[in-house]
Structure formats: C-alpha cells, structure tokens
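Have a look at the structure below, then the notes.
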Amino acid sequence: MKKLKKELAILMATYNGENYIEEMLDSLLKTQNRISLVVFVRDDGSKDRTESILKRYSIQYPENIVLFFGENMGPIQGFDFLIKKALDEGYEYFMFADQDDIWSEEKVDILYERLKQAGNSNPFLIHHDLAVVNEKLEMMDPSFWHYQNLNPCNVGLNRLLIQNVVTGCTIGINRKLALLASPIPKEAIMHDWWIALVASAFGKIDVIKKPLVFYRQHSTNTIGAQKNKIQINKIKAQLNLSKYTNQANAFYRRYVDIMNEKQSREIISFVNFFTASRLKVIFMIFIFSFYKSGVLRNVGFILKILFQKRV
C-alpha cells in the first residue's frame with residue numbers, strides 16, 4: 001500500500017478549555033481536507049473536563065487527532081513541543097489553533113493552498129484577519145485589525161521587534177520556517193511573535209485580508225483583543241520593556257551568524273535601546289523606524305520614554 005505523505009498538521013495547546021473546545025474541534029474537523037489533516041493537541045495539565053473531551057474526540061476521529069498530556073509549562077513551550085513532534089513525524093505544513101475560537105469552513109483550504117504554492121524552499125508564513133466575537137459568538141467587529149487598529153503589513157524586522165501584528169491562531173507556516181524557529185527560547189514573549197520575527201528576517205510573510213476565524217472574547221482569554229483607544233492609566237503605568245529587549249537579545253544570539261548587516265544593526269540598536277539616554281532613544285526610534293501601529297500607540301510609547309521612570 002502506498003504511504004500517504006504527511007502534509008498538514010494543526011497544532012493546538014489546551015488548558016481548562018471545557019467551555020469551548022468542542023465547538024472549536026467541530027469547526028476544525030468540518031474542513032474539506034479533514035482526511036489529510038491531523039490535529040496535534042497537547043493539554044497543559046487541565047483541571048476541568050478538557051482531558052476527557054479530548055479523549056472522546058480522539059476515539060471518534062482516530063486518524064485525525066493525536067493527543068499529548070503533561071504538566072503545566074505554558075502556551076509557548078506547549079506549542080514548541082507540538083512543533084517538534086510534528087517535525088519529527090515529517091509534516092510539511094503547520095497551522096496553529098486556539099481552544100476557544102471557531103474556524104470558518106474555508107480557512108484550512110485557503111491557507112493550505114497558499115502554503116503549497118509557497119513550497120518549502122524558503123521560510124514562509126501566511127496569516128489572516130479575524131472576526132471579533134463575544135462568548136455567545138455575537139459580532140463585536142468583523143475585523144480584528146480594525147478593532148485594534150493594526151496594520152497587518154507592518155512585518156519588517158524593525159516593526160516586529162516592538163509590536164507583533166501576527167496572531168497565532170491565524171498562522172500557517174512551512175517546514176523550512178518551523179525548523180528554523182524551533183526550539184522557541186524562554187525569552188520569547190509568545191510563540192507567534194518569535195515565529196513572525198524569524199519569518200521576517202529570513203523568509204517571507206504574506207497576508208490574507210479576510211477574516212477566517214471567529215476570535216472569541218471571554219473572561220479567561222490568555223491574550224485576547226483589546227479595543228484600541230486612549231487609556232491614560234496605561235500611559236501612566238511603569239515602562240517595562242525588558243521583555244522586548246530580552247526577546248531581541250535571544251534572537252540575536254541564535255541567528256547572528258546568518259543575519260545581514262542591516263538586521264544586525266537594527267537588533268543591536270534595539271537591544272541597547274533602553275540603556276541609552278531618553279533623547280538618544282527618541283533619535284533611534286526615528287532612525288530605525290521602531291514604530292507601532294497607530295498614532296496613539298506611538299504617542300503613548302514616546303510619552304512613557306520621556307516622562308516615566310524606566311526599568
């Protein structure tokens with residue numbers, strides 16, 4: 001019998017997801033490519049019924065669901081674990097899923113086609129918009145990018161160092177990128193941010209300007225969507241950007257030997273960003289275009305640098 005090529009792996013890290021995970025799995029498994037699709041799920045030590053729900057689905061769909069259970073390690077290392085497992089199994093393309101969203105029936109087909117078109121000669125990432133909905137799936141905004149005032153095309157390395165515009169549950173990547181990005185270091189702010197940085201520096205990031213996921217907002221979201229608006233309390237909050245520079249530093253140490261000169265200059269400048277004087281920092285923001293999406297975010301960012309005590 002001819003052995004089927006392992007092409008598409010969906011990676012899902014779960015934790016206490018009993019309220020929504022059945023709807024998520026149902027939406028994912030409806031896809032037209034269900035027969036060739038395998039969902040790798042790692043549960044992060046859930047205390048609710050998530051484990052039993054996952055086991056029931058794995059019995060119902062034995063060819064489509066692979067389960068792993070372990071102690072709590074957080075979503076970043078959970079997704080990295082799944083990347084390694086799918087790579088070891090020889091998969092060519094990867095998508096990431098959250099436990100509480102709903103996927104449109106066309107999402108997998110659209111991303112899968114774009115991934116196959118890109119192939120595996122160079123690192124490649126594709127991402128798309130989301131529709132923001134509440135717990136009952138009632139529409140809050142048909143575009144996550146509009147809701148948060150994000151520009152999905154701001155994916156240059158200089159822009160991604162300071163702000164991520166690539167949302168994990170919208171990502172499709174090829175094997176070349178997965179191999180280059182993993183293992184994800186402990187300094188990474190989130191798995192999607194790290195993968196986007198690697199794709200920006202050494203490959204290509206493409207975008208689909210269409211919402212293909214219903215992005216459910218509820219009280220237990222790990223990240224979630226926040227309406228972009230002026231919030232004085234955030235401007236007054238203590239400026240702590242060490243997490244950004246720690247991530248950039250880890251990126252530099254990992255990839256210094258394959259960076260070009262421009263990339264090296266950008267990252268070194270960013271890593272030293274917050275040890276320099278305030279005026280020099282403002283100067284570097286303009287020189288290297290370390291901007292976020294939207295005027296309000298940049299005004300707030302600069303005000304913090306100028307007037308707040310820095311860590």
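The side-chain heavy atoms of Ile102 and Tyr20, taken from C-beta on, include no pair separated by under 4.5 Å. The shortest distance between side-chain heavy atoms of Leu180 and Tyr255 falls below 4.5 Å. Between Phe40 and Glu89 there is a side-chain heavy-atom pair separated by less than 4.5 Å. Residues Ile83 and His191 are not in side-chain contact: their nearest non-hydrogen atoms beyond the backbone lie 4.5 Å or more apart.
Remark: the backbone N or O of Asn151 is paired with a side-chain donor or acceptor of Ser293 at under 3.5 angstrom. When atom types are taken as modelled, the side chain of Arg297 and the backbone of Asn149 share a donor-acceptor pair closer than 3.5 angstrom.
There is no path of hydrophobic side-chain contacts, each under 4.5 Å, that joins Leu279 to Phe290. One hydrophobic cluster, built from ILVMFWY side chains closer than 4.5 Å, holds both Phe94 and Leu179. Both Phe301 and Val295 are part of a single hydrophobic cluster, where members link through side-chain heavy atoms under 4.5 Å apart. A continuous path of ILVMFWY side-chain contacts below 4.5 Å connects Leu212 to Met140, so both sit in one hydrophobic cluster. A continuous path of ILVMFWY side-chain contacts below 4.5 Å connects Ile268 to Phe283, so both sit in one hydrophobic cluster.
For Trp193 and Phe251, the ring centers are positioned 6.0 Å apart or more.
With sequence neighbours excluded, no residue satisfies side-chain hydrogen bond (donor to acceptor under 3.5 Å, both in side chains) with Lys280. Residues forming a ring-ring contact (aromatic ring centres under 6.0 Å, His included) with His128 (at least two apart in sequence, or on another chain): none. For Lys204, the side-chain hydrogen bond (donor to acceptor under 3.5 Å, both in side chains) criterion is met by no residue, not counting sequence neighbours. Partners of Arg159 according to the side-chain contact (heavy atoms from CB on, under 4.5 Å) rule, which considers only residues two or more places apart in sequence or in another chain, are Asn154, Tyr291. Judged as a side-chain contact (heavy atoms from CB on, under 4.5 Å), and not counting sequence neighbours, the contacts of Ala181 are Trp194, Ile195, Val198. Taking Glu51 as the reference, Lys55, Phe69 meet the side-chain contact (heavy atoms from CB on, under 4.5 Å) condition, with sequence neighbours excluded. Scored by the ring-ring contact (aromatic ring centres under 6.0 Å, His included) test, Phe68 finds Phe81 as partners (sequence neighbours excluded). In this structure Glu266 satisfies the side-chain hydrogen bond (donor to acceptor under 3.5 Å, both in side chains) test together with Lys262, sequence neighbours excluded. In this structure Glu71 satisfies the side-chain hydrogen bond (donor to acceptor under 3.5 Å, both in side chains) test with no other residue, sequence neighbours excluded. Here Ser46 pairs with Tyr15, Asn16, Asp43, Asp48, Thr50 under the side-chain contact (heavy atoms from CB on, under 4.5 Å) rule; sequence neighbours left out.
Residue Glu138 places its CD atom among more than 12 non-hydrogen atoms of other residues, nucleotides or ligands, all under 6.0 Å distant. When the shell of 6.0 Å around OH of Tyr91 is examined, it contains more than 12 heavy atoms from other residues, nucleotides or ligands. The environment of Lys292 atom NZ is dense: over 12 non-hydrogen atoms of other residues, nucleotides or ligands sit within 6.0 angstrom.
The nearest pair of heavy atoms linking Ile53 to Ile21 is CG2-CG2, 3.8 Å. A pairwise comparison of heavy atoms in Pro123 and Asn174 identifies CA-OD1, 3.7 Å as the closest pair. The two residues Arg216 and Asp100 come nearest to each other via the heavy atoms NE-O, 2.9 Å. Considering every non-hydrogen atom in both Glu22 and Arg56, the closest pair reads OE2-NH2, 2.8 Å. Considering all non-hydrogen atoms of both residues, Phe124 and Arg114 come closest at CE2-O, 4.0 Å.
We find the CG-CZ distance between Leu54 and Arg42 to be 12.0 Å, quoted to the nearest 0.5 Å. How far CG of Asp141 is from CG of Leu130: 11.0 Å, rounded to the nearest 0.5 Å. Here Phe144 contributes atom CZ and Thr167 contributes atom OG1; the two are 4.0 Å apart, rounded to the nearest 0.5 Å. From Leu150, atom CG reaches atom OG of Ser143 across 9.0 Å, with rounding to the nearest 0.5 Å. In this structure, the separation between CG on Asn260 and CZ on Arg265 is 8.5 Å, given to the nearest 0.5 Å. Atom CD in Gln60 sits 10.0 Å away from atom CG in Leu25 (nearest 0.5 Å).
Between the side chains of Tyr57 and Asp26, at least one donor N or O lies within less than 3.5 Å of an accepting N or O.
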**Item:** Worked verdict on Ile189 versus Asn164 for side chain to side chain contact (heavy atoms under 4.5 Å, CB included)
**Value:** CA-CA 10 Å; Ile189 297 171; Asn164 184 30; over 6 Å; no
**Item:** Trace of the side chain to side chain contact (heavy atoms under 4.5 Å, CB included) decision for Leu161 with Tyr244
**Value:** CA-CA 7 Å; Leu161 285 169; Tyr244 301 98; over 6 Å; no
**side chain to side chain contact (heavy atoms under 4.5 Å, CB included) assessment of Phe79 paired with Asp192** = CA-CA 9 Å; Phe79 277 111; Asp192 51 6; over 6 Å; no
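Through side-chain heavy atoms spaced under 4.5 Å, either directly or across other Ile, Leu, Val, Met, Phe, Trp or Tyr residues, Ile59 is tied to no other residue.
Sorted by first and then second residue, the pairs that involve residues 77-87 and meet side-chain hydrogen bond (donor to acceptor under 3.5 Å, both in side chains), not counting sequence neighbours, are Asp80-Lys84, Asp80-Ser182.
Salt bridge annotation for Arg253-Glu187: present, with a cationic side-chain nitrogen under 4.0 angstrom from a carboxylate oxygen.
Of the candidates Val39, Val38, Val108, Val108 is the only one forming a side chain to side chain contact (heavy atoms under 4.5 Å, CB included) with Leu8.
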